[in-house]
2 protein chains.
Amino acid sequence: MKTTLENFLEAIPQVNTLEHFQAATEELRDKLELEHVVYHWVNSVGERFGAGTYSSEWVDRYLEKDYLRMDPVIFGCFQRFTPVNWKQLDWSTKAAKAFLVEAIDFGVGNQGYTIPIRGPHGQFALFTVNNTASDADWEAFIDAHGRDLIIVGHEFNKKALEFETGDSALPTPSLSPRELMAISYLAKGFSRAQAAQEMGISEHTLRVYIEAARHKLGALNTTHAVARALSTGVIIV
Amino acid sequence: MKTTLENFLEAIPQVNTLEHFQAATEELRDKLELEHVVYHWVNSVGERFGAGTYSSEWVDRYLEKDYLRMDPVIFGCFQRFTPVNWKQLDWSTKAAKAFLVEAIDFGVGNQGYTIPIRGPHGQFALFTVNNTASDADWEAFIDAHGRDLIIVGHEFNKKALEFETGDSALPTPSLSPRELMAISYLAKGFSRAQAAQEMGISEHTLRVYIEAARHKLGALNTTHAVARALSTGVIIV
DNA sequence: TTTACCCTCCCCCAAAATAGGGAGGTATAA
DNA sequence: TTATACCTCCCTATTTTGGGGGAGGGTAAA
């Protein structure tokens with residue numbers, strides 16, 4: 001006998017095309033008897049990929065209005081690792097309230113559960129299930145399927161990663177140890193002079209590392225270099 | 001009848017103390033019949049917390065030598081979201097080879113499986129199971145328990161997060177919309193002048209935002225502010 | 001052995017960022 | 001109503017970075 005999880009996992013696409021992802025979200029939506037299932041990700045260079053059952057009108061509206069920048073789901077999930085029941089999020093701002101009303105107008109259900117997933121190179125993905133339901137019914141649904149959904153979300157993401165790396169494989173720039181140290185110190189707020197002192201070298205030398213790192217990271221300035229190093233994961237904290 | 005997963009989850013501590021975490025790793029190790037189970041995390045301000053069954057000699061050695069900065073497991077996991085079988089990692093550098101030999105000397109098994117977990121505020125955690133085994137046996141073990149371990153790792157992390165927020169709750173600084181925009185542009189590599197133009201305001205005004213954001217973020221300079229904003233998740237990409 | 005990459009040091013000068021200060025208008029919340 | 005926080009603009013001076021250039025010695029791989 002198949003478990004519920006195995007049943008869900010059957011929906012994960014076997015072939016890496018956007019169409020298969022789309023079909024998988026639809027299949028999963030039907031299996032779960034929900035209104036919407038959405039998988040969406042953004043990598044560190046801002047490339048996006050998404051598949052889901054939201055109406056194309058809503059997707060267009062969302063992109064057009066750049067709702068990514070104020071959607072409480074995105075924001076809440078970005079600061080969290082645990083799956084989020086939408087009811088837990090902060091909908092108190094005026095913009096958030098208006099956003100929610102508009103979303104429901106476009107056929108998005110009032111209840112949602114989103115699993116944030118983080119990947120290599122600053123990749124950030126969301127796996128969302130959505131429905132119109134009472135709070136109690138939704139609680140019960142999450143209790144029953146929450147853990148399975150985590151696994152399903154991760155399987156989705158694994159597929160998406162294969163897709164990405166096959167397509168536009170981002171080579172992680174390899175910084176030399178001294179370059180890494182230099183960038184790390186700057187990320188901690190040290191000035192060049194302080195970092196140089198900390199590393200026991202002249203500031204001139206340190207500058208050479210910073211510039212080498214900047215070029216390797218394809219960054220426009222030091223701040224950009226640190227930002228890229230952090231979001232691609234080449235430096236820690 | 002209890003499922004394997006339920007059996008494992010029984011080991012998750014019900015009370016938030018370091019001792020309970022320690023006990024949980026030991027209980028899990030025994031249930032899984034492994035040599036080691038380790039849970040470890042670092043948050044964005046560098047605070048650490050760990051519980052596990054490694055010998056204290058190895059932990060001391062590891063900290064003393066600052067192996068965190070060259071451990072291929074840490075490095076590999078930091079750039080990945082999927083669980084990692086240690087055999088897949090890059091052990092080719094001289095330092096990595098020496099590290100592995102030393103680890104085994106200190107009683108660490110030759111096989112490992114580590115689940116990277118990312119949380120809010122730049123938190124990064126690792127949940128590791130470790131054993132001495134042949135490649136085939138280890139593969140079989142992972143096939144059997146890999147998914148359960150993901151859930152267990154996440155449950156561990158959930159507990160650790162409760163622990164942290166209860167203890168030294170880091171209030172996420174709340175930046176105003178304009179401050180967020182300003183910091184975001186800088187993170188993208190814009191100069192102050194470019195960012196100001198992009199936002200349609202004077203460079204002077206933009207500077208006020210940057211400085212306000214710097215103060216809120218407790219940052220020493222702009223680069224530090226961007227680094228903190230990224231690692232605490234207040235800005236996206 | 002040559003090639004390549006890494007580490008270290010130095011010069012000069014223009015451009016950008018930082019550290020203080022102050023001022024006025026608009027919301028929103030206590 | 002009175003704070004409080006936000007948005008916008010301006011000043012001066014100092015410090016820090018950025019963009020060029022060049023040079024020597026080390027290690028490691030091809």
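The analysis underlying the following values was restricted to heavy atoms, covering all of them including side chains, and did not include hydrogens, waters or symmetry mates. Reminder, nothing fancy here: chain letters follow the sequence lines and each chain counts from 1.
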* To do: Using a 4.0 Å heavy-atom cut-off, write out nucleotides 5-20 of chain D from 5' to 3' as B (base contacted by protein), S (sugar-phosphate only) or - (no contact).
  => -SSBBBBB----BBBB
Grab the N/O contacts between the protein and nucleotides 26-29 of chain C below 3.5 Å, and write none if there aren't any.
{"unit_1": "dT28(C)", "atom_1": "OP1", "unit_2": "Lys94(A)", "atom_2": "NZ", "d": "3.3"}

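Under the salt bridge (charged side-chain N to carboxylate O under 4.0 Å, His left out) criterion, Arg192(A) pairs with Glu203(A), not counting sequence neighbours. Annotation: ring pair (Phe, Tyr, Trp, His ring centres under 6.0 Å) contacts of His36(A) (sequence neighbours excluded): Tyr54(A). Applying the ring pair (Phe, Tyr, Trp, His ring centres under 6.0 Å) rule to Phe127(A) yields the partners Phe156(A); only residues at least two apart in sequence or on another chain are considered. Every residue meeting the side chain to side chain donor-acceptor pair (under 3.5 Å) condition with Ser134(A), not counting sequence neighbours, appears here in chain and number order: Asp137(A). Legend: residues meeting side chain to side chain donor-acceptor pair (under 3.5 Å) with Ser55(B), ordered by chain and number and at least two apart, are absent.
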Below 3.5 Å, can you tabulate the donor-acceptor pairs from side chains in residues 212-224 of chain A to any protein atom, sequence neighbours excluded?
{"unit_1": "His215(A)", "atom_1": "ND1", "unit_2": "Glu211(A)", "atom_2": "O", "d": "3.0"}
{"unit_1": "Lys216(A)", "atom_1": "NZ", "unit_2": "Ser174(A)", "atom_2": "O", "d": "3.2"}
{"unit_1": "Lys216(A)", "atom_1": "NZ", "unit_2": "Glu179(A)", "atom_2": "OE1", "d": "2.8"}
{"unit_1": "Asn221(A)", "atom_1": "OD1", "unit_2": "Thr223(A)", "atom_2": "N", "d": "3.2"}
{"unit_1": "Asn221(A)", "atom_1": "OD1", "unit_2": "His224(A)", "atom_2": "N", "d": "2.8"}
{"unit_1": "Asn221(A)", "atom_1": "ND2", "unit_2": "Gly189(B)", "atom_2": "O", "d": "3.0"}
{"unit_1": "Thr223(A)", "atom_1": "OG1", "unit_2": "Thr223(B)", "atom_2": "OG1", "d": "2.9"}
{"unit_1": "His224(A)", "atom_1": "ND1", "unit_2": "Leu220(A)", "atom_2": "N", "d": "3.0"}
{"unit_1": "His224(A)", "atom_1": "NE2", "unit_2": "Lys188(B)", "atom_2": "O", "d": "3.3"}

Quick one: side chains of residues 98-112 of chain B, donor-acceptor pairs under 3.5 Å with protein atoms, not counting sequence neighbours, listed by atom name and distance.
{"unit_1": "Glu102(B)", "atom_1": "OE1", "unit_2": "Tyr67(B)", "atom_2": "OH", "d": "2.5"}
{"unit_1": "Glu102(B)", "atom_1": "OE2", "unit_2": "Arg61(B)", "atom_2": "NE", "d": "2.2"}
{"unit_1": "Glu102(B)", "atom_1": "OE2", "unit_2": "Arg61(B)", "atom_2": "NH2", "d": "2.9"}
{"unit_1": "Asn110(B)", "atom_1": "OD1", "unit_2": "Ala133(B)", "atom_2": "N", "d": "3.0"}
{"unit_1": "Asn110(B)", "atom_1": "ND2", "unit_2": "Ala133(B)", "atom_2": "O", "d": "3.2"}
{"unit_1": "Gln111(B)", "atom_1": "NE2", "unit_2": "Ala133(B)", "atom_2": "O", "d": "3.2"}
{"unit_1": "Gln111(B)", "atom_1": "NE2", "unit_2": "Asp135(B)", "atom_2": "OD1", "d": "2.7"}

